[in-house]
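I have placed the structure first, in the form of structure tokens, so that the comments after it can refer back to it.
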Amino acid sequence: MTSVEVANLVKEFTVRKGLAREKFRAVDQVSFTLVPGRTVALVGESGSGKSTIARILARLEKPTSGQINVALDDGTPVGGSMYRRQVQMVFQDPFASLNPFHSIEHHIARPLQIHHRAKGAEQTHERVVQMLERVNLEPAADFAQRRPHELSGGQRQRVAIARALAPGASVVIADEPVSMLDVSIRLGVLNLLGRLQREDHLAVLYITHDLATARHFSDEILVLYKGRIVERGPADDVILDPHHDYTRLLALAAPDPERLGKVVSSENVPDRSTLDNSICYNHFTASWEEAEVRATA
Ligand SMILES: Nc1ncnc2c1ncn2[C@@H]1O[C@H](COP(=O)(O)OP(=O)(O)OP(=O)(O)O)[C@@H](O)[C@H]1O
Ligand SMILES: [Mg+2]
């Protein structure tokens, strides 16, 4: 089993301001730990730095400074190709993250073969079918033959989850895995992630805007605001008794019947104008090329 320790992570981007170039700190001294069998939720509004942290963990981006130590139970450090195999990502957009020219079978067979988890065509096909069954895509042999456009968004995201697990992942970074799916099917996909996490004892980083699902699906919550963790703690404590104004704001945006009338009474509703609002709202999502490279690197 694999744990991840992130310490003082910093990511600076150079941005243009008129003719000048300025450094912008998207991630600022972030530290947290992911352990097997537990889910940590990273919540924060758009532009707060969530995906940047995910991309650094998935080695799609280099940090400016800070340490990421990945180790097995006995302390053996995990690096190089073992790191790339064990730390996998589920991207936000299931439409962009699958290659439209390849079958579903191909998407899962590639990482299985590249990471030596199946030998020969027959065994590979068998394992692909098993993986599709694990993510409840049945009849699996039929789904294996299809191309991405023949699947719904929820079904595609299940394929993306199977692909992330195919290399033998023990750490899964799920970057807003259900935010682009229809509300009615989100819970099904999150429940699937929860089941796989328990079955495989995965360490999961669940990135979301949504405090309600963060509370339900995670053990610990980290609240990110402008690249910094402003509040952290056991999921129930953070939601039911938020200390930071920004967490209260997020909590207000996701009403929870248990909390209403309790913590958030009218006098402790924070004023949005007192919080610095100079955040960019760019959206970064992965292309299928990038997603493919990540699963087969
Ligand atoms: N390659 C880049 N170059 C310059 N700025 C970047 C780059 N990638 C991200 N940023 C900036 O860093 C900040 C954090 O972006 P990030 O994508 O991590 O936010 P996020 O919390 O994932 O937002 P969202 O909820 O919209 O996905 C944003 O202000 C963004 O504009
Ligand atoms: Mg993001």
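As the structure is a prediction and not an experimental result, all values here were calculated from the model. Counting starts at 1 for both ligands and their atoms, in listed order.
In terms of polar-atom proximity, defined here as any N/O pair under 3.5 Å, Gln92 makes no such contact with ligand 1. Geometrically, ligand 1 and Gly47 share a nitrogen or oxygen pair separated by less than 3.5 Å. Considering backbone and side-chain atoms alike, Glu61 places every N or O at 3.5 Å or more from each N or O of ligand 1.
Relative ring orientation between Phe24 and Phe13 is described as parallel, the plane-to-plane angle staying below 30° on a 0-90° scale split at 30° and 60°.
Under a 4.0 angstrom heavy-atom cut-off, Ser48 registers as being in contact with ligand 1. In this structure, His209 counts as a contact residue of ligand 1, since one of its heavy atoms falls inside 4.0 Å of the ligand. Using a 4.0 Å heavy-atom cutoff, Glu176 is listed among the residues neighbouring ligand 1.
No chain of hydrophobic side-chain contacts below 4.5 Å, direct or via other Ile, Leu, Val, Met, Phe, Trp or Tyr residues, connects Val40 to Met1.
Note on Ser46: not counted as a metal contact of the Mg ion (ligand 2), no N/O/S atom lying under 2.8 Å.
The side-chain contact (heavy atoms from CB on, under 4.5 Å) check on Arg16 picks up Arg21, with sequence neighbours excluded.
Nearest to atom 17 (O) of ligand 1 by heavy atom, out of Ser51, Ala26, Ala54, Gly49, is Ser51.
Using a distance-only test at 3.5 Å, with no hydrogens or angles considered, no donor-acceptor pair links the side chain of Glu138 to the main chain of Arg134.
Residue Ala214 comes nearest to Ala235 through the heavy atom pair O-CB, 4.4 Å, listed as atom of the first residue, atom of the second, then distance.
Residue pairs meeting the salt bridge (charged side-chain N to carboxylate O under 4.0 Å, His left out) criterion with at least one partner in residues 4-15, sequence neighbours excluded, are Glu12-Arg25.
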Please lay out, stage by stage, how Val171 and Gln86 fare under the test side-chain contact (heavy atoms from CB on, under 4.5 Å). CA-CA 6 Å; Val171 179; Gln86 293 213 353; 5.6 Å; no
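Contacts between Glu45 and ligand 1, counted as non-hydrogen atom pairs separated by less than 4.0 Å, involve the backbone only.
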